[in-house]
Amino acid sequence: MSKSNRPDGSQQRHRENADPDESIRPLPWFLVMLLGAMAMWGGFYIYITPSGEDSSYGDQRTIETLRPPVPVAGGGVLVDGKLIYGGKCAACHQATGLGVAGVFPPLAASEWVIGEEKTLTHILLHGIVGEIEVKGVVYKGAMPAWQSMSDAELAGVMTYIRGEWGNKAAPITAETVKTEREATKARTAPYNGGAELKPAS
Ligand code: HEC
């Protein structure tokens, strides 16, 4: 019989290490003191730190710096068009102004956006239903009317889309929106596509 094959298993028992045992070892006193001191200092620091004041860290810009009112010729200020665009237009025309291929036409480099300001104002005031060609592609969808927006808001959002994404068209004033709103007030339905818009302006 070989040595490793003892039937009573004593060979295996003999090979194993003794079970480890654990004695109680408290944290060293200086560590306890240190932790206690740190906790007290932390509490004291929170207590003495003034709250409710402007932090000297982080983004120092205020809402005013982020959204400076833009004075326009003839008095008044322009509403932040970017904000309106993000809230009302970006869902369809996208933040990039590129729209969604085949569904929502682009506003970037669109002839309707950078073209005649009256036409653009009419589009925003009354919406479009039917075929409209934008940058050589025909779209057949529905663009909502935005009559509920104020003259200043419409001027703001149109000025924004005319100056964003490489577009370089002149701003549109609230005065223009007011005039066009008055001039087209008889209209109750959206424009029937691009064909009706061109002569309408
Ligand atoms: C529900 C989706 C939707 C929303 C929201 C929307 N549009 Fe449109 N827009 C369209 C569609 C669809 C067309 C094309 C209409 C057609 O095919 O008859 C269009 C066309 C246009 C056009 C003319 C075509 C072009 O690409 O230049 C302009 C300008 C425009 N939209 C501006 C805006 C602005 C500014 C807003 C926000 C105030 C806005 N749209 C919000 C869907 C939308």
Side-chain angles (χ1 to χ4, degrees), residues 59 61 63-74 76-201:
D59 192 342
R61 291 171 302 175
I63 297 286
E64 283 69 37
T65 9
L66 288 169
R67 281 199 260 152
V70 186
V72 284
V77 290
L78 209 59
V79 185
D80 184 348
K82 184 173 187 172
L83 211 69
I84 299 177
Y85 185 83
K88 307 213 188 239
C89 324
C92 292
H93 295 285
Q94 308 299 302
T96 54
L98 295 175
V100 174
V103 189
F104 302 120
L107 302 183
S110 154
E111 61 268 39
W112 300 98
V113 174
I114 57 180
E116 181 58 50
E117 60 175 30
K118 273 188 190 179
T119 317
L120 180 59
T121 311
H122 293 168
I123 293 177
L124 270 281
L125 279 172
H126 303 287
I128 322 164
V129 175
E131 287 189 0
I132 184 168
E133 190 177 325
V134 186
K135 290 172 77 183
V137 180
V138 175
Y139 294 83
K140 198 172 186 312
M143 156 78 180
W146 300 100
Q147 260 171 15
S148 55
M149 281 202 253
S150 72
D151 296 343
E153 284 173 328
L154 283 172
V157 75
M158 288 193 289
T159 299
Y160 171 73
I161 62 174
R162 276 161 76 88
E164 190 67 21
W165 318 297
N167 288 356
K168 285 192 178 59
I172 295 181
T173 63
E175 265 311 298
T176 307
V177 181
K178 194 173 173 216
T179 314
E180 293 312 312
R181 199 194 286 268
E182 193 59 28
T184 59
K185 71 167 189 257
R187 173 166 281 278
T188 51
Y191 290 96
N192 187 8
E196 198 189 358
L197 264 163
K198 278 286 182 203
S201 47

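FYI, side chains are in, hydrogens and waters are out, and symmetry mates aren't considered; it's all heavy atoms of this structure.
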* Asked: Who passes salt bridge (charged side-chain N to carboxylate O under 4.0 Å, His left out) against K185, sequence neighbours left out?
  ->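 Salt bridge (charged side-chain N to carboxylate O under 4.0 Å, His left out) check on K185 returns E182.
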* **Pairwise ring-ring contact (aromatic ring centres under 6.0 Å, His included) hits with a residue in residues 93-114, at least two apart** =>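 Non-adjacent pairs meeting ring-ring contact (aromatic ring centres under 6.0 Å, His included): zero.
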* Asked: Where the side chain of Y85 meets the backbone of Q94, is there a donor-acceptor pair that is under 3.5 Å apart?
  ->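 Answer holds: yes.
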With rounding to the nearest 0.5 angstrom, report the [atom1] to [atom2] distance, [X] to [Y].
| X | Y | atom1 | atom2 | value |
| --- | --- | --- | --- | --- |
| L154 | T173 | CG | OG1 | 12.0 Å |
| I161 | N167 | CD1 | CG | 8.0 Å |
| I172 | Y160 | CD1 | OH | 15.0 Å |
| E180 | L124 | CD | CG | 12.0 Å |
| T188 | Q147 | OG1 | CD | 9.0 Å |
| I114 | L107 | CD1 | CG | 11.0 Å |

* Asked: Does the side chain to side chain donor-acceptor pair (under 3.5 Å) test come out yes or no for T179 and T176, once each step is laid out?
  -> CA-CA 5 Å; T179 314; T176 307; 5.9 Å; no
* **salt bridge (charged side-chain N to carboxylate O under 4.0 Å, His left out) partners of residues 154-169, not counting sequence neighbours, each pair once** =>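 Non-adjacent pairs meeting salt bridge (charged side-chain N to carboxylate O under 4.0 Å, His left out): zero.
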Partner set under side chain to side chain donor-acceptor pair (under 3.5 Å) for [X], not counting sequence neighbours:
| X | answer |
| --- | --- |
| E131 | none |
| R181 | D151 |
| S110 | none |

Looking at every non-hydrogen atom in both residues, tell me the closest pair between [X] and [Y] and how far apart they are.
| X | Y | value |
| --- | --- | --- |
| V157 | C89 | CG2-SG, 4.0 Å |
| T121 | E117 | OG1-O, 2.6 Å |
| A155 | A174 | CB-N, 3.5 Å |
| P105 | V134 | CB-CG2, 3.7 Å |
| L120 | V113 | CD2-O, 3.5 Å |
| A142 | V129 | CB-CG2, 4.2 Å |

So, using side chain to side chain contact (heavy atoms under 4.5 Å, CB included) as the criterion, who are the partners of [X] when residues are at least two apart?
| X | answer |
| --- | --- |
| S150 | A152, E153 |
| E133 | V138 |
| A108 | L98, W165 |

* **Y139: partners by ring-ring contact (aromatic ring centres under 6.0 Å, His included), with sequence neighbours left out** =>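 Residues passing ring-ring contact (aromatic ring centres under 6.0 Å, His included) with Y139: none at all.
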* Kindly determine whether T184 and H126 satisfy side chain to side chain donor-acceptor pair (under 3.5 Å), including the steps that lead there. => CA-CA 9 Å; T184 59; H126 303 287; 2.7 Å; yes
* Just do the side-chain contact (heavy atoms from CB on, under 4.5 Å) check on M149 and V177 with the steps written out, would you? => CA-CA 10 Å; M149 281 202 253; V177 181; over 6 Å; no
